[in-house]
Amino acid sequence: MKSFIIVLLLFGFIYAQEHHEKNHWHYKKDLTYLGLSKNQKEKIKNILKEYRKDIKDYREKREEISKEKQKVFLENSFDEMKLKSINGKINKLATEIEIRFLKRVHAILSNEQRRKFVKYINEWDIE
């Protein structure tokens with residue numbers, strides 16, 4: 001019985017340690033864990049300003065495109081090709097913004113910083 005309790009406590013400790021490390025102080029889209037230099041911080045700050053503007057523009061454009069989608073759906077016949085085209089526009093725009101952002105960040109970060117950044121890269125996906 002003592003062995004079982006010890007094993008159970010050990011697994012609990014290991015799980016808690018892994019959980020603590022994975023969720024340790026990281027907030028979504030927070031870059032403090034990268035240990036950026038002053039110069040890098042300034043460059044990243046400018047990139048983030050442009051990224052936020054791109055996201056705002058994207059959301060506005062997505063609304064316009066969504067209205068197109070609604071019009072297509074309301075037509076008497078269902079046009080699958082038009083809907084695919086509309087969805088393609090939305091996806092293409094999001095992909096372009098994401099690639100531009102990641103390319104600029106990539107150029108600023110060191111190899112070690114990139115290894116850290118890649119753990120949270122999905123946070124930067126455009127929704």
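Atoms considered below: every heavy atom in the structure, side chains included; atoms not considered: hydrogens, waters and symmetry mates. All figures in this text were calculated on a predicted structure; none of them were measured in a lab.
Note that CD1 of I90 and CD1 of I126 are 12.5 Å apart. Values are rounded to the nearest 0.5 Å. Summarising the geometry, atom CG belonging to L93 is positioned 12.0 Å from atom CZ belonging to R59; distances are rounded to the nearest 0.5 Å. Expressed to the nearest 0.5 Å, how far CD of E75 lies from CG of L83 amounts to 8.5 Å. Note: R62 CZ to K69 NZ = 10.0 Å, rounded to the nearest 0.5 Å.
A donor and an acceptor atom, one from each side chain of E63 and S66, are nowhere located under 3.5 Å apart.
Without hydrogens or angle criteria, R114 side chain to H106 main chain gives a donor-acceptor distance under 3.5 Å. In this structure a side-chain-to-backbone donor-acceptor pair under 3.5 Å is present from Q113 to S110.
A continuous path of Ile, Leu, Val, Met, Phe, Trp and Tyr side chains, each step under 4.5 Å between heavy atoms, connects I86 with F78, placing both in one hydrophobic cluster.
Other residues, nucleotides and ligands contribute over 12 non-hydrogen atoms within 6.0 Å of the CD atom of E60.
Here the rule is side-chain contact (heavy atoms from CB on, under 4.5 Å) with K43, and of L48, I108, L109 only I108 fits it.
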Dump the intermediate steps for side-chain contact (heavy atoms from CB on, under 4.5 Å) on K89 and E68, then the final yes or no. CA-CA 11 Å; K89 288 180 193 177; E68 281 183 54; 3.3 Å; yes

Run the salt bridge (Lys or Arg N to Asp or Glu O under 4.0 Å) check on D57 and K61 step by step: do they pass? CA-CA 6 Å; D57 294 344; K61 185 70 173 172; over 6 Å; no

Working note: D30 + T32, criterion side chain to side chain donor-acceptor pair (under 3.5 Å); need CA distance, chi angles, decisive distance, verdict. CA-CA 6 Å; D30 172 36; T32 57; 2.9 Å; yes

Between Y120 and Y33, does the ring-ring contact (aromatic ring centres under 6.0 Å, His included) criterion hold? Intermediate values first, please. CA-CA 11 Å; Y120 304 105; Y33 66 95; 5.0 Å; yes

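Counting all heavy atoms, side chain and backbone alike, L36 lies closest to Q40 at CA-OE1, 3.4 Å.
The pair E50-R104 meets the salt-bridge criterion, since a charged nitrogen lies less than 4.0 angstrom from a carboxylate oxygen. Comment: K67 does not engage E64 in a salt bridge, judged by the lack of any side-chain N to carboxylate O separation of less than 4.0 angstrom. Of the charged side-chain nitrogens involved, none lies within less than 4.0 Å of a carboxylate oxygen, so that R100 and E96 do not count as a salt-bridged pair.
Using a 30° and 60° split on the angle between ring planes, Y51 and F101 fall in the tilted class, from 30° to 60°.
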